[in-house]
Amino acid sequence: MEISAKYTPADIEKKWLEYWTQHECFASVPDQRPPYTIVIPPPNVTGVLHMGHMLNNTIQDVLIRRARMLGYNACWVPGTDHASIATEAKVVAMLREKGISKHQLTREEFLKYAFEWKEKYGGIILHQLRRLGASCDWKRTTFTMDEDYYRAVIRVFVDLYKKGYIYRGLRMINWDCEARTALSNEEVIYNDEGEKVTFYYVKYYIKGSDDYLTVATVRPETIMGDVAVAVNPTDERYAHLIGKTAIVPIIGREVPIIADEYVDKEFGTGCLKVTPAHDPNDYEIGLRHNLPVIDTLNDDGTLNELCGVPEFVGLDRFKVRKLMRQKLEEAEVLVKTEDTITRVGRSERTNSVVEPRLSLQWFIRMKEISAKALEVVEKGDIQLHPAKFINTYRHWMENVKDWCISRQLWWGHRIPAFYYGDGPEDYVVAETLEEAVELARQKSGNAGLKAQDLRQDPDVLDTWASSWLWPLQVFGGFNDQCFDRVRGKIDFTKNAELAYYYPTEVLVTAPEILFFWVARMIIAGMEYADKIPFKHVYLTGIVRDKLGRKMSKSLGNSPDPEQLMATYGTDAVRVGMLFSSPAGNDLLFDEKLCEQGRNFANKIWNAFRLIQSWTAEERPMNATEAAAVSWFGQQLAAAVQEIDDLFAKYRISEALMAVYDLIWDKYCSWYLEWIKPAYGERISQEALESSKSYFIDLMKLLHPFMPFITEELYSHLSSGTGLIMNAPWPKAGKVDAEAVRAFEKSSEIVTAIRNFRAQNQITPKERITLFVKAENAEVLAHPYITMILKLGGLANIEVLSDVLSNVKTFLAGGIEFIYPINEDALDVDAELAKVQADLNYAKGFLESVMKKLGNERFMQNAPEQVKQNELKKKQDAEAKIEALTKRLEQLNQLKIKQ
RNA sequence: GGGUUCAUAGCUCAGCUGGUUCAGAGCACCUGCCUUACAAGCAGGGGGUCACAGGUUCGAAUCCUGUUGAACCCA
C-alpha cells in the first residue's frame, strides 16, 4: 500500500465535509436517548467569521461531538443574528459608497437592501462554519429576524408591557447629528491624545449686585440651556453665594446657585454651569435639585427657538460657538480664554462630535424580573466556567440598571407601540395593527379611530432584546401553539421539541457579553419557562495576536481563517487554537500553533503508516509484545479517566493536551518503539490487532478535536463499522497503580541509559552490555525489562561477579549501572569529580531530611504519610551515599595505581 | 472614582482544601542524530530566589496584611 509520507488534509477534509453534509449526519430528532443541546451564539451578519468565532465554534463542536459519542442525542442549533446597530452601519456605509444616502430612502427600501446584505453575509458565515467541521443540525438554522422569531420578539415586548415591566422614560443618549441617530457607548470613540479645545471663562452676575461668579466652559453654545450654577458645598470661596440667584449672560435668565458634591473644586474655577439637556452629569444634578430641562438643540445639531436668541436659531452648534465669543466679548462678560486638551467623543462612523442629548426611550424595569437569575447562578444550577466570573456576575445583578431597549434605527424589530395623539400617554402597545386600533379606540374613547390614524413608533429594539430569547425561540417557544398569552408563560406540554431539548447543556461565549446576553437569557428563561436556559456557561477568551493586541481590521493583524485552513488543514487550525486557550483566558494567537497542529496530524498519519506496514504471523505474543500491550492498556485506561475528568471540568485545552501527550509520547514514542518488530521480522497477529485497536481508541479520543483525519483513518481501520463520529467513546478502565510506577522506573532507566550513551558518544546502532552488582540483580526481573533492553539499545544486562575498576557508572532508578571501558579511555579525575559532586549533593539532601526528622514539632504535627515519606527519603539517600562512597574509594585506588 | 480578576521558566499556562520533587506541561532555546513511520522527525539537555516587603506555621508558590504593576467591567 502506497501512502504518502506527508499528510495532505485538503482532499480528505473535502471528502468528509461532503459526506457528512449529504447524509445529514448531524441532524437530530427527539428520541429515547438523553438530549445534549447547544445553541450557537449567533454570529452577527455584519461580515465574515473571525478568529474569535473560529475558537468559539471549535469548542462547541468539540463538546457536541464528544456528547454524540457518549450516546447523547446531540443537537447543535446554528443561526445568525441581525445585529441591528452593527449591520445597519455596514449597510449605510455600503449605500454611501454607491452614492445613496439613507435619508433619501424609505424605510421599506432601506430594509430591502439590508435583507440583501443579510442573505449574502449570513450565507458566507454558515458556509464557513461548515468548513470548520461544525456538526450543527443545519435544518434548524435560525435567524433572529425570521418570521416566527420576529413575532416572538414583538410578543415578548407586548407581554412585558402588559406585565408592567416596560415603560417610557427620558434618558441621556449619545447623538450623532450627522447620521441623526443615537449611538451606543461602543460607537463613540475618543482620540487617545485628546483634542485641543478652548476654555471660555464667563462672568455670571449675582442678582442685585455687581458681584459675579466665573464659570469655565468649553461649550459656550450651551449657555442658553443653563438652569443653575453649582459649587461644591465645602468650597469656602463660594459658600456665601449658595441660595442666591445668578444671571445667565446673553439671555438674562435668572437661575439658582446650588451646592452639589459632584462639582470638583480644583477643576476650572470650581463653578459649574448646569445644563441638564446637554450633559449627562448635569442631568443627574438637575434631577437631584429639581431643575427644569431646556433642550436648545435640533436633531441635526442646529439650535432651536428655545435658545432664546433669534439670530442663532437654525445655525449649527459650532457656528454658534464662534458667534458666542463675540457676543460674550461685546457683553463684557468674557474674562479670558485658555487652550486645553480634553476628551472629545466622536461618532465611529461619521466622525462628527457626539452631542449628549435627552431623549424619550423605552425601558425594561430590571430589578424584579432579574431576581431569580442571580439565584440560579448562586445556587449552582447554572455553573460558570471558570467559576471566578460568578463575582462579576453577582456584582452586575445586584446593581442591575433598567435596560434601554429602543434604538433609533430601521434594521431590527420595530417597537409595537402605536401613537394616536401627541400626549405623552396617547399610545397603545399591541402585536398587530388591528389589535392596536381596537385598544386605541378603548383607551382614547374615540370609536372612530382607524388604522391610518395610528403612527407606529419608528424605532427598533436593541439587538439583545431579541437574542435573549434565543434558547427558547430556536425551538419555537413563543409560537402560537405553546405561548400562553394570558399567563405570559410558555406551556411546555404543547411543544415537544422544546420540552425535549430545553434546558440546553452549555453555552459557549465570551465574558464580555456576560451581562449583555448571558444574564438576559437567564432572565428570559426564568420569566417565560421558569427554567434555566443552560446548565453550564463556558467563557472563552478574546483571540489576540501574539503581541497581545486585540485583532482588528485596522491593525491588519487578524489572519484569514479560510486561508489558514487552506494552508494547514482545518484539523490543524482547530487544534492550534485550542492548544493555548484555557477557559476565560485570552488566546495569544500565533500561526505557529497551527503549524504545531499540522505536525501533529502528520505524526498521526505516520503512526498509521507504520502499523499498516506490519505483516503479522499467527503465534502467541512474545514477552516484549505482551509487556507493551499490557502497559499501553494501562496508559489508555488512565488517560481516558483523566480526559473525562478534564471535560467534566470544562478544561478543554488540557483535555486536548492529554490526548496529544497520549498519542505522541505514550503511543508513538514509547509503545510503538517498544513493540515494533525489527526490520524484516513479523509481529504476532494478536499484537497487531491490539495495536490497531489502541489506535482506533486514540482516534476516538481525538475525534472531537480533529474530526477529519480521525474519520479518515477510522474508515481505513474499522472496515465498515460506520463513522467515528457515531462510535462509542472509549471507557475509562481500572488503573493498576503498580504498573504505572513500574513503568516510571523503567522509563527513567531508559532515559538515563540514553543520556549516558549520548555523553559517551555511543552511536545508536551500537548495542552495548551493561552490568549491575548482585544486590541490584532484581532489575533483570523488572516487568518491563524488555523495554529497557530494546529502547536502551542494550545487548544485555548482566550481573557483575568480579570487581572491575576501569568502568564508568551511572545511577538510575536507585540502581548503579556499570559500563566497562578500556583503561586508557577512563578519565579518572573527571570521573572522581563527578562522583564527588553527586556525593556532596546526596549528603546535603540527607542533612535537610535529618533536620526535619530531628524537629520535635514536625514529628508531633506532621501527618503519618508525610513522616513516612521523609523516612523513605532518608533510606534512599543513605543507600546512595554508600554506593557513591564505595565508588569513590575505588577511583582513588585506581588513581594511586596510575 | 467604584468593582472584579490576576502577577509561577523567553512565551502561554497547570499547580484543588498549606507537607509524597521548593516547582510541572506545551512551545521556544542549546547539543547530537537523514536510526529502514515521521527532519512537519528522533534522542538528550539547560532554564524559575513562584512580582516586592512583612506576618501566621514545625513547614507557604499555596493562608493573612501592605506595596507595586497589569487586565476587564461599571460610572
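The chains referred to below are lettered A, B, ... by the order of the sequence lines, with proteins before strands, and numbering in each begins at 1. Because the structure is predicted, anything quoted here is derived from the model rather than measured.
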Relative to the ring of [Y], is the ring of [X] parallel (under 30°), tilted (30 to 60°) or perpendicular (over 60°)?
X	Y	answer
A:Y671	A:Y667	parallel
A:W517	A:W464	tilted
A:Y784	A:W674	perpendicular

My understanding is that a pair needs two contacts under 3.5 Å, Watson-Crick or G-U wobble. By that rule, which nucleotide pairs with B:C52? B:G66
Who pairs with B:U35 - Watson-Crick or G-U, where each distance is under 3.5 Å: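 B:U35 is unpaired by these criteria.
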State which of B:A37, B:U5, B:U4 makes the closest approach to the side chain of A:K388.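 Among B:A37, B:U5, B:U4, the one nearest the side chain of A:K388 is B:U5.
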Nearest to the side chain of A:F516, which nucleotide is it out of B:G3, B:C38, B:C74? B:C74
Short side-chain N/O contact to B:G3 OP1/OP2 from A:N391, under 4.0 Å: no
A:K603 side chain N/O closer than 4.0 Å to the phosphate oxygens (OP1, OP2) of B:C42? yes
Provide the distance between the two [atom1] atoms, one in [N] and one in [M], to the nearest whole Å.
N	M	atom1	result
B:A61	B:U8	C1'	7 Å
B:G26	B:A70	C1'	24 Å
B:G1	B:A53	P	28 Å
B:A51	B:A40	P	39 Å
B:C30	B:G59	C1'	37 Å
B:C29	B:U35	P	22 Å
B:G46	B:A7	P	27 Å
B:A60	B:C73	C1'	32 Å

Which letters describe nucleotides 16-29 of chain B, given B = protein heavy atom under 4.0 Å from base, S = only from sugar-phosphate, - = neither? ---BBS----SS--
At 4.0 Å (heavy atoms only), tell me whether [X] reaches a base, stays on the sugar-phosphate, or touches nothing.
X	value
A:S613	nothing
A:R757	nothing
A:W664	sugar-phosphate

In Å, rounded to the nearest 0.5 Å, how long is the span from CZ of A:F705 to CD1 of A:I59? 10.0 Å
Give the rounded distance in Å between these two atoms: CZ of A:F695 and P of B:A37.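 The distance from CZ of A:F695 to P of B:A37 comes to 15 Å, rounded to the nearest Å.
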Review item, nucleotides 43-46 of chain B N/O atoms under 3.5 Å of protein N/O:
from: B:G44; atom 1: O2'; to: A:N755; atom 2: OD1; distance (Å): 3.2

Reading RNA chain B from 5' onward, which residue's closest nucleotide shows up sooner: A:F515 or A:N599? A:N599
Let me know, please, whether A:R598 or A:N606 comes out on the 5' side of the other along RNA chain B by nearest nucleotide.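 Nearest-nucleotide comparison on RNA chain B picks A:N606.
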Tell me whether A:R520 forms a cation-pi arrangement with A:W468, defined as NZ or CZ under 6.0 Å from the six-membered ring centre and within 45 degrees of its axis.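 Checked: cation-pi criterion not met.
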Going by heavy atoms in the side chains, are A:P677 and A:R682 under 4.5 Å from each other? no
